[in-house]
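Following: one structure in structure tokens, then a few remarks.
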Amino acid sequence: MTDGTRNGRGRDAVVVGGGLAGVTAALALADAGVRVTLLEGRPRLGGLAFSFRRGELTVDNGQHVYLRCCTAYRWFLDRIDAAALAPLQDRLDVPVLDLAKPEGRRLGRLRRDALPVPLHLGRSLATYPHLSLAERAAVGRAALALKGLDLADPALDAQDFGSWLTAHGQSARAVEALWDLVGVATLNAVAGDSSLGLAAMVFKTGLLSDPGAADIGWARVPLGELHDRLARRALDSAGVRTGVRTRVTSISRYGNGRWSVQVPGETIETDAVVLAVPQREAHALLPDGALDAPERLLEIGTAPILNVHVVYDRKVLGTPFLTALGTPVQWVFDRTEASGLTGGGQYLAVSQSAAQDEIDAPVSVLRERYLPELERLLPRTRGAEVLDFFVTRERTATFAPTPGVGRLRPGARTKAPGLYLAGAWTATGWPATMESAVRSGIGAADAALRALGRPRPRHLFDVEEAA
Ligand SMILES: Cc1cc2nc3c(=O)[nH]c(=O)nc-3n(C[C@H](O)[C@H](O)[C@H](O)COP(=O)(O)OP(=O)(O)OC[C@H]3O[C@@H](n4cnc5c(N)ncnc54)[C@H](O)[C@@H]3O)c2cc1C
């Protein structure tokens, strides 16, 4: 690994954790001329957004999407030369199928027009069939009230979004058919379990900032192609030394101000350390005195996401994705091409956020629950044969966006000079997303560069300017 004495003072850094936060921090530091070693415990980069092989298929651990307003993640995709592999829709268009009506399935769409905010959503809301006229008008009023909230007001974080919606005239149906439809997928919690601050951030940024802000992007290739292979290529050409299967067991500070990073069988000496691991691991690795109240990291809860994967022998879904009401099914994505499936079948990934009730259910129970629901949702499945059915479970997919979580999230700087924190769970203002991870990585690299006296690379995404 790296030899600190060879590199000279102020010139080297170790990044611990090869998720999106760590990869971003490593790239940003290396682009500024710092000699970087990136250490990842698993055999691959990408952290919580990865792929694996299952027979002929390449499977994502969970469907990931991003929005046009995720400007830092888009910068990251550009930086690793992957933007073309995860394009955005030209214009927000989400098919919403309601199965609850006795008269049968009903399709609505959430779309935008080429009009300024908030008129860009006006026509879609006015014709959204899953809400009554009165509910649509009330949604419009609540959206305007949301727009008026000051995201810098810490009091928002202490309140829950569900109570705020009720206080602003939102019916249970409006919460289900609109607010939770978007909120559960982006926050990984229902409105009643979400901080008003985080929910307001999501809705203001995604729906009420720029007309195109909520246009949806997703990878047309396996996530591992982006976050592992292409990320690794970018790291290699930036000169980063990457060690996978290299779990850091402790970090400590020498009397001379340099840091010692311990991996099995080796000690690495360095000027700066970016700890880009989940909050629990960060707590375990943080040296005494690095944070005023390190136990707060353990108070940050986690929330699960379940993905149900079904391979049919024929095409059953005619759109790239859809979302549903009146069924446990949340979002369904066509992953056929990305997975490499050939031969005329179709591979669907059903993405279930805030899946606390189902995350431990046996596959047989989930199969009995989801196959009939998919038959109700997609009539073409009725004559189709199920060639494969499996699930992926991420029990700690995100931090739980509960009211009060904001005061638990630390910033990039610690009290220990030369030690920085990154991760989607740190204080980025964003919920646990790829965007938050990338922003945190840039924030940590910025703080480290300042301390190391290195100029920030001109092309580096500017978190503060974008705020
Ligand atoms: C199923 C699922 C669906 C999701 N859907 C979306 C979505 O649609 N859109 C979106 O934006 N986000 C989504 N997310 C969230 C997103 O994936 C995460 O917020 C983001 O990837 C977190 O990145 P990170 O770098 O902060 O952390 P992580 O990805 O957790 O990376 C931390 C890394 O540190 C490594 N590590 C831990 N301890 C050590 C150690 N001691 N030594 C070395 N390495 C260590 C871990 O192995 C890991 O690779 C989803 C997540 C899941 C699981």
Side-chain angles (χ1 to χ4, degrees), residues 14-26 37-51 59-67 69-70 72-74 76 86 184-188 202 206 216-219 223 226-228 231 242-251 261-264 273-286 302-309 321 330-331 333 349-355 359 391-399 401 409 421-426 428 430-441 443-444:
V14 171
V15 177
V16 185
L20 295 180
V23 170
T24 303
T37 304
L38 172 63
L39 302 173
E40 166 55 50
R42 294 188 189 150
R44 43 151 186 82
L45 301 177
L48 285 165
F50 71 97
S51 312
V59 173
D60 288 349
N61 67 315
Q63 177 64 44
H64 278 64
V65 305
Y66 69 98
L67 304 181
C69 61
C70 295
Y73 180 66
R74 289 172 58 208
F76 174 82
V184 169
T186 44
L187 293 158
N188 202 17
V202 163
I216 297 177
W218 67 98
L223 286 173
L226 311 178
H227 301 154
D228 186 15
T242 303
V244 291
R245 292 191 173 89
T246 310
R247 179 154 288 273
V248 170
T249 52
S250 74
I251 53 177
V261 177
Q262 198 79 47
V263 297
V273 177
V274 175
L275 206 44
V277 298
Q279 61 268 33
R280 229 157 235 292
E281 285 82 346
H283 180 266
L285 288 171
L286 272 177
T302 56
I305 298 180
L306 173 79
N307 271 239
V308 172
H309 308 257
F321 65 89
Q330 293 176 10
W331 291 71
F333 279 81
V350 181
S351 178
Q352 301 291 108
S353 298
I359 195 69
V391 301
T392 45
R393 308 171 203 267
E394 291 288 358
R395 289 181 176 78
T396 57
T398 67
F399 71 81
R409 299 172 73 186
L421 293 175
W425 56 276
T426 58
T428 61
W430 284 71
T433 50
M434 300 187 287
E435 175 73 7
S436 183
V438 171
R439 282 175 179 254
S440 76

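Indexing begins at 1, ligand by ligand and atom by atom, following the structure's order. Sequence positions, counted from 1, serve as the residue numbers for this chain.
Within ligand 1, counting atoms from 1 as listed, the ones closer than 4.0 Å to a heavy atom of Val16 are 42 (N), 43 (C). For ligand 1, the atoms lying closer than 4.0 Å to a non-hydrogen atom of Leu20 are 25 (O). The Gly423 neighbourhood of ligand 1 comprises atoms 26 (O), with distances under 4.0 Å to a heavy atom of that residue. With ligand atoms numbered from 1 in the order given, ligand 1 contributes 43 (C), 44 (N) to contacts under 4.0 Å with heavy atoms of Leu39. Listed by number with element, the atoms of ligand 1 under 4.0 Å from a non-hydrogen atom of Ala397 are 51 (C), 52 (C), 53 (C). Listed by number with element, the atoms of ligand 1 under 4.0 angstrom from any heavy atom of Gly47 are 29 (O), 31 (O), 48 (C), 49 (O). Distances below 4.0 Å separate heavy atoms of Ala21 from the following atoms of ligand 1: 25 (O), 26 (O). Close approach to Arg42 involves these atoms of ligand 1, each under 4.0 Å from a residue heavy atom: 47 (O).
Judged by distance alone, with hydrogens and angles left aside, the side-chain atoms of Trp425 form no donor-acceptor pair with the main-chain N or O of Ser436 at under 3.5 Å. Checked by atom type and distance alone, the side chain of Asp60 never pairs as donor or acceptor with a backbone atom of Ser51 at under 3.5 Å. The main-chain N or O of Gln262 is found under 3.5 Å from a side-chain atom of Thr249 such that the two form a donor-acceptor pair. In this structure a side-chain-to-backbone donor-acceptor pair under 3.5 Å is missing from Gln352 to Val308. For the pair Gln63 (side chain) and Val350 (backbone), a donor-acceptor distance under 3.5 Å is absent.
Looking at Arg409 and Thr428, their side chains do bring a donor and an acceptor atom within 3.5 Å of each other.
From the protein, the heavy atom lying nearest to atom 15 (C) of ligand 1 is Ala432 O, 3.7 Å. Taking atom 34 (O) of ligand 1 as the reference point, the nearest protein heavy-atom neighbour is Gly17 CA, 3.4 Å. Of the protein's non-hydrogen atoms, the one nearest atom 26 (O) of ligand 1 is Ala424 N, 2.8 Å. Looking only at heavy atoms of the protein, atom 31 (O) of ligand 1 is closest to Gly19 CA, 3.4 Å.
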Checklist entry - Checking side-chain contact (heavy atoms from CB on, under 4.5 Å) for the pair His227/Phe76: CA distance, chi angles, key distance, verdict? => result CA-CA 10 Å; His227 301 154; Phe76 174 82; 4.1 Å; yes

Checklist entry - Yes or no on side-chain contact (heavy atoms from CB on, under 4.5 Å) for Leu223 and Asn61, after CA distance, side-chain angles and deciding distance? => result CA-CA 9 Å; Leu223 286 173; Asn61 67 315; 4.0 Å; yes

Checklist entry - Going through the distances and angles, do Tyr73 and Thr433 end up as a side-chain contact (heavy atoms from CB on, under 4.5 Å)? => result CA-CA 9 Å; Tyr73 180 66; Thr433 50; over 6 Å; no

Item to check | Candidate pair Leu286 and Leu421, rule side-chain contact (heavy atoms from CB on, under 4.5 Å), full reasoning | outcome: CA-CA 10 Å; Leu286 272 177; Leu421 293 175; 4.2 Å; yes

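Compare Gly217, Pro278, Ala276, Ala437 by their heavy atoms: the one nearest to atom 23 (O) of ligand 1 is in Ala437. Summarising the contacts of atom 51 (C) of ligand 1 with Gln352, His64, Glu394, the nearest heavy atom is found in His64. Taking each of Val23, Val65, Val438 in turn, the one with a heavy atom nearest to atom 8 (O) of ligand 1 proves to be Val65. Considering Arg44, Gln63, Gln279, Arg247 only, the shortest heavy-atom separation from atom 39 (C) of ligand 1 involves Arg247. Around atom 45 (C) of ligand 1, the closest heavy atom drawn from Leu38, Leu48, Thr249, Val277 belongs to Val277. Proximity annotation for atom 1 (C) of ligand 1: of Gly18, Gly62, Gly41, Ala185, Gly62 comes nearest, heavy atoms only.
Using a 4.0 Å cut-off between heavy atoms, Met434 contacts ligand 1 through both its backbone and its side chain. Using a 4.0 Å cut-off between heavy atoms, Glu40 contacts ligand 1 through both its backbone and its side chain. The backbone of Thr246, and not its side chain, has at least one atom closer than 4.0 Å to an atom of ligand 1 (non-hydrogen atoms only; backbone = N, CA, C, O). Counting heavy atoms under 4.0 Å from ligand 1, residue Val248 touches it through both backbone and side chain.
Here the CG atom belonging to Leu67 is positioned 9.0 Å from the CD atom belonging to Glu435, to the nearest 0.5 angstrom. For the atom pair CD (Glu394) and CD1 (Ile305), the distance works out to 8.0 Å, reported to the nearest 0.5 Å.
In terms of N/O distances under 3.5 Å, ligand 1 is not approached by Asn61.
In this view, Glu40 and Arg42, Leu45, Val244 satisfy the side chain to side chain contact (heavy atoms under 4.5 Å, CB included) rule, not counting sequence neighbours.
The neighbour count for Arg395 CZ, taken as heavy atoms of other residues, nucleotides or ligands under 6.0 Å away, is above 12.
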